[in-house]
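Below: one structure, written as structure tokens.
Index from 1, following the sequence.
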Amino acid sequence: MNTTNQMLQKLFGNQTMQALGNFANARGVQLYLVGGSVRDLLLKRQTTDIDFALASDAIQFAKAFATSINATCIALEENPSTARVIVKPHDASETPCLSMDFVQFRAASLTEDLRLRDLTINAMAIAFENVEAVINSACEPNSFHVIDPCGGMKDLETGLLRFPSEQVVRADPVRLLRIYRFAAQLDFKISEKAIDFVTKHRSLLSNVASERCRDELMKILNVKKAHPYLQQMETVGLLTQALPFIQAMCILWRSLETFEKSPIPIGFQAYRNEINDYLREELGTEINRRSLIKFSLLLGDNLSSVGTHLRLSRKATQFMKRLLDGSTALKNENGQLTQKQIIRFLRTYASEWWGVLLYTAASHPIDPTLLEQIANTYYEHILPISKQGRLITGDDLIKNFNLKEGEQIGRLLKAIEERQFDGEIRTRQEAFDTVAALIQQSHGFL
């Protein structure tokens, strides 16, 4: 048995799942594993987000179950009745955090409910009591246990994405983006008929909340190689429908491809671990620096309205702006920086200097020697000084020079800090001597 099978068995065989089965049986409720949970189970993919469907009131059921196991329940929607139960682990050996969504059928029957779902591969169900049998199947899942009205199992086997019907696109046009998201995540092909539906109904995307479009686009950008799928979207006119402000521009595919092929350029290989940690850090829900750099490369210098249009977080918007500003500054120097200019650059862009350099290297040739010099300067010069902290404080200036609180102290401290990072001052005594000299100099400084 492979490792993934063992993890699935552990997930569906744990105490919480056993308690859920007993609770449903006691209430006479038939539960079905549905949607993406069935898809991932058949693909033998690990997950901690599990979706269930039932014919009765899902919120009432979920609340009662959560109370019985001392878990958290959150009502998500009234129509259809939908709730989430979050189970925190009791110890480190258990699943990190288990999230279970319960939703009431959106139609008269389970089969009709499945036909309303976004894609055929997400339109399958398994009765809860049969889940273990499907997990234990050696290679091919037992189709007898899978409720599959739209042919999703065959599509999983052939790697094909289809809509169950044209109506599901009209019902929720964000599915036009979602089919490309799943193509990117699963490396599946989109059927010709589905592409025809996308072309026919792409204008409906303007009726979708921008946040939902943003979430789908960011999930595509999170994929290691997103540009082929984004290019497919552009070919059918879907990308410019989702991002209308880029219609008049030439999309910078080459820069995006360069970054996806080699996100860490020559000159930075020694810092691969640090860079990967940096890129993984999230600046919004499921939005990390890597995806934002890719998005910025896609848009080029056309960032003025993207944050507002897609309702990106303030952190994400500021990050993208700093990428563009920093890259413009580096390009204006034509890749020729003195040591003092490198220090100024590192201090100006602070925690985002990695992002600025990665963005610039993907969109504009930079000498690997300069990249290495900048990184070395940060770790060998800037970081030690930052950890050391200020040589003197405002209280020191008040005590030693009889100064009063105010702007004068701030200017003096800034001057000392600049000289400290430039390597002109290394000790407290040198800092005091410099302050004395500055005070003695022209009053124009102060």
Original post:
Going through the checks in order, is the side chain to side chain contact (heavy atoms under 4.5 Å, CB included) test met by Lys414 and Arg411?
Top reply: CA-CA 5 Å; Lys414 182 179 180 181; Arg411 288 194 292 267; 5.7 Å; no
Original post:
side chain to side chain contact (heavy atoms under 4.5 Å, CB included) between Leu119 and Phe163: does it pass, once the steps are laid out?
Top reply: CA-CA 5 Å; Leu119 301 169; Phe163 296 116; 3.8 Å; yes
**OP:** Take Val435 and Asn400, measure what side chain to side chain contact (heavy atoms under 4.5 Å, CB included) needs, and give me the verdict at the end.
**Re:** CA-CA 10 Å; Val435 170; Asn400 287 272; over 6 Å; no
Subject >> side chain to side chain donor-acceptor pair (under 3.5 Å) between Gln373 and Gln339, worked out >> reply: CA-CA 9 Å; Gln373 184 182 358; Gln339 183 66 10; 3.3 Å; yes
**OP:** Evaluate the criterion side chain to side chain donor-acceptor pair (under 3.5 Å) for residue pair Asn288 and Arg280; output intermediate values, then yes/no.
**Re:** CA-CA 6 Å; Asn288 58 32; Arg280 280 191 291 265; over 6 Å; no
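A salt bridge between Glu424 and Lys340 is present, with a side-chain N of the basic residue lying under 4.0 Å from a carboxylate O of the acidic one. Taking 4.0 Å as the cut-off between side-chain N and carboxylate O, Glu430 and Arg419 do not count as a salt-bridged pair. Ion pairing between a basic and an acidic side chain is recognised when a charged N comes within 4.0 Å of a carboxylate O; Asp325 and Lys321 show such pairing.
At least one donor-acceptor pair closer than 3.5 Å links the side chain of Arg289 to the backbone N or O of Tyr278. The backbone N or O of Thr360 sits nowhere less than 3.5 Å from a side-chain atom of Ser327 that would complete a donor-acceptor pair. Judged purely by atom type and a 3.5 angstrom limit, Ser262 has no side-chain atom pairing as donor or acceptor with the backbone of Pro265. Between the side chain of Arg175 and the backbone N or O of Val168 there is at least one donor-acceptor pair closer than 3.5 Å.
Other residues, nucleotides and ligands contribute over 12 non-hydrogen atoms within 6.0 Å of the CD atom of Glu77. Within a 6.0 Å sphere centred on CD1 of Ile266, other residues, nucleotides and ligands contribute 12 heavy atoms or fewer. The number of heavy atoms from other shown groups lying within 6.0 Å of NZ (Lys315) does not exceed 12. Within a 6.0 Å radius of CD in Gln231, more than 12 heavy atoms belonging to other residues, nucleotides or ligands are found.
Looking at every heavy atom in both residues, Asn122 comes nearest to Gly36 through OD1-CA, 4.1 Å. Taking each heavy atom of Ala83 and Ile59 in turn, the nearest pair found is CB-CA, 3.9 Å. Minimum heavy-atom separation, Gly284 to Ser313: CA-OG, 4.4 Å. A pairwise comparison of heavy atoms in Val85 and Ala71 identifies CG1-CB, 3.9 Å as the closest pair. Listed here is the closest heavy atom pair of Leu177 and Ala242: CD2-CB, 4.2 Å.
Atom CG of residue Leu33 and atom CE of residue Met100 lie 11.5 Å apart, to the nearest 0.5 angstrom.
A perpendicular orientation is assigned to the rings of Phe421 and His381, their planes being inclined by more than 60° (bins at 30° and 60°).
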Counting only pairs under 3.5 Å, give me each side-chain donor-acceptor contact of residues 184-196, with atom names and distances, residues two or more places apart or in other chains.
unit_1: Gln185; atom_1: OE1; unit_2: Arg181; atom_2: NH1; d: 3.4
unit_1: Asp187; atom_1: OD1; unit_2: Tyr229; atom_2: OH; d: 2.9
unit_1: Ser191; atom_1: OG; unit_2: Leu161; atom_2: O; d: 3.4
unit_1: Ser191; atom_1: OG; unit_2: Ala194; atom_2: N; d: 3.1

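Separation of the Phe268 and Trp354 ring centroids falls under the 6.0 Å cut-off.
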